[in-house]
Amino acid sequence: MAKHIGILTAGGDSPGLNAAIRGVGKASTGYYGMNVIGFRDGFRGLMENRTVRLDSSVLSGILTIGGTILGTSRDKPHRMPVGDKTLDMTDVLVANYQKHNLDALVCLGGGGTAKNAYRLMQHGLNVITLPKTIDNDVACTDTTFGFDTALIIATEAIDRLHSTAHSHHRIIVLEVMGHNAGWLALAAGIAGGADVVLIPEIPYDVNKVADAILQRSRGGKGFSIVCVSEGAMPKEEAESLRAAQEAKAAAKKSKNGKKAEAAAETIAELESEQASSTVRLTRQLEQLTRLESRVTILGHVQRGGTPSAADRLLATRLGTACADLIDQGVFGVMVAARGEGHEPVPLEQVAGHRKVVPLDHPWIESARHLGTNLGD
Ligand code: F6P
């Protein structure tokens with residue numbers, strides 16, 4: 001009997017998603033003779049039963065296209081906005097999975113998607129995930145598809161900013177994405193030769209950053225490029241955030257709802273302040289150094305467009321490996337990238353964990369040896 005599988009893409013989109021859909025789809029249908037359907041817009045499509053048959057005509061010609069042909073959303077099965085309410089719709093998703101006689105559900109996504117897939121696994125679904133995100137922050141995998149393309153875009157941005165910063169003798173601060181992990185900023189900062197790189201893993205002292213820029217200026221370098229991760233924070237704010245997160249966890253543990261709520265409010269305030277922190281940092285640097293400064297926020301440009309060759313290759317090989325695992329009946333795993341190969345990792349090891357940059361990572365060492373200022 002031919003197996004039936006469903007595929008969905010969830011969370012923020014990322015280059016390489018279509019290459020992965022094609023990899024899973026072509027190997028499952030062409031090589032293994034399975035039937036494959038796609039659900040539109042992430043877990044919402046599974047809830048609303050919005051499907052598309054992924055046959056060879058749909059899977060053809062999508063390798064190089066950015067985004068996802070299936071559409072995506074950040075909806076969670078257990079907290080789904082329905083009308084003006086937010087409901088636990090897990091049972092509906094499970095019923096729809098059964099209605100389609102699925103043998104497996106492939107979820108393409110990052111850490112949040114792994115968590116949601118794990119929950120569905122606990123409700124009896126045969127799930128399998130592939131790690132995508134430009135942030136590279138999924139636990140238990142060497143890397144994620146989308147990261148390489150975003151790195152190329154962010155590096156090119158630094159290259160382009162160099163010439164204009166140099167011409168105008170300015171500080172230019174570039175904010176790149178990465179959520180709460182500094183992989184993208186650190187890698188692009190090194191590859192693009194930024195003078196300062198600020199990442200969430202190393203809370204920064206703005207005075208030390210200004211001193212490093214002034215030292216460059218005294219040495220005859222009248223411009224500086226600062227590459228800052230969107231999650232980077234000054235030391236004091238990072239300390240307050242850590243304290244609030246600890247207070248929230250403790251209050252939750254002791255079931256003190258009011259304290260947990262207060263801590264959650266503090267966290268939300270700090271996070272909303274952080275939304276404008278790169279602009280604030282740029283102003284502070286201008287004041288402290290008296291050098292004209294500009295800010296560039298790269299934003300969703302990093303997530304758009306055609307995937308790099310490396311991302312196409314990674315997404316394709318993880319996609320075809322996923323079809324192999326389905327054929328073998330291996331479920332409840334993420335297909336992790338491991339060296340040139342792959343490895344199925346149990347979802348319970350992935351869900352709820354985040355891969356941040358270890359402080360002794362070789363990239364950090366390399367940046368320090370170059371004399372790059374890391375804000376500490
Ligand atoms: O997780 C990927 C990511 O691009 C992060 O780098 C960023 O913080 C976030 O998504 C942006 O999300 P949205 O698409 O909701 O603006």
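Order of listing sets the numbers, starting from 1, for every ligand and every atom in it. What you see below is based on every heavy atom in this structure, not just the backbone, and it leaves out hydrogens, waters and symmetry mates.
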**Request:** Give the residue, atom name and distance (to 0.1 Å) of the protein heavy atom nearest atom 14 (O) of ligand 1.
**Result:** Arg303 NH2, 2.8 Å

**Request:** Validate the cation-pi geometry between Arg317 and Phe145: distance from NZ or CZ to the six-membered ring centre under 6.0 Å, angle to the ring axis within 45°.
**Result:** no

**Message:** For the 3.5 Å polar cut-off, considering only N or O atoms, please tell me whether Gly178 and ligand 1 meet it.
**Reply:** yes

**Fill in**
Min over Arg74, Met177, His179, Glu230 of heavy-atom distance to atom 8 (O) of ligand 1 lands on Glu230

**Asked** Does Ser163 have any side chain to side chain donor-acceptor pair (under 3.5 Å) partners at least two apart in sequence or in another chain, and if so, which?
**Response** none

**Request:** Kindly write out the residues that satisfy side chain to side chain donor-acceptor pair (under 3.5 Å) with Arg368, not counting sequence neighbours, or none if the list is empty.
**Result:** Asp376

**Request:** Find all atoms of ligand 1 within a distance of less than 4.0 Å from any non-hydrogen atom belonging to His300, and give their numbers and elements.
**Result:** 13 (P), 14 (O), 16 (O)

**Message:** What protein heavy atom lies closest to atom 1 (O) of ligand 1? Include the residue and the distance to one decimal.
**Reply:** Asp135 OD2, 2.7 Å

**Request:** Applying side chain to side chain contact (heavy atoms under 4.5 Å, CB included) between Phe39 and each of Glu48, His100, Met47, report the one that passes.
**Result:** His100

**Item:** Residue of the set Ile5, Asn126, Asp103, Val36 for which side chain to side chain contact (heavy atoms under 4.5 Å, CB included) holds with Ile326
**Value:** Ile5

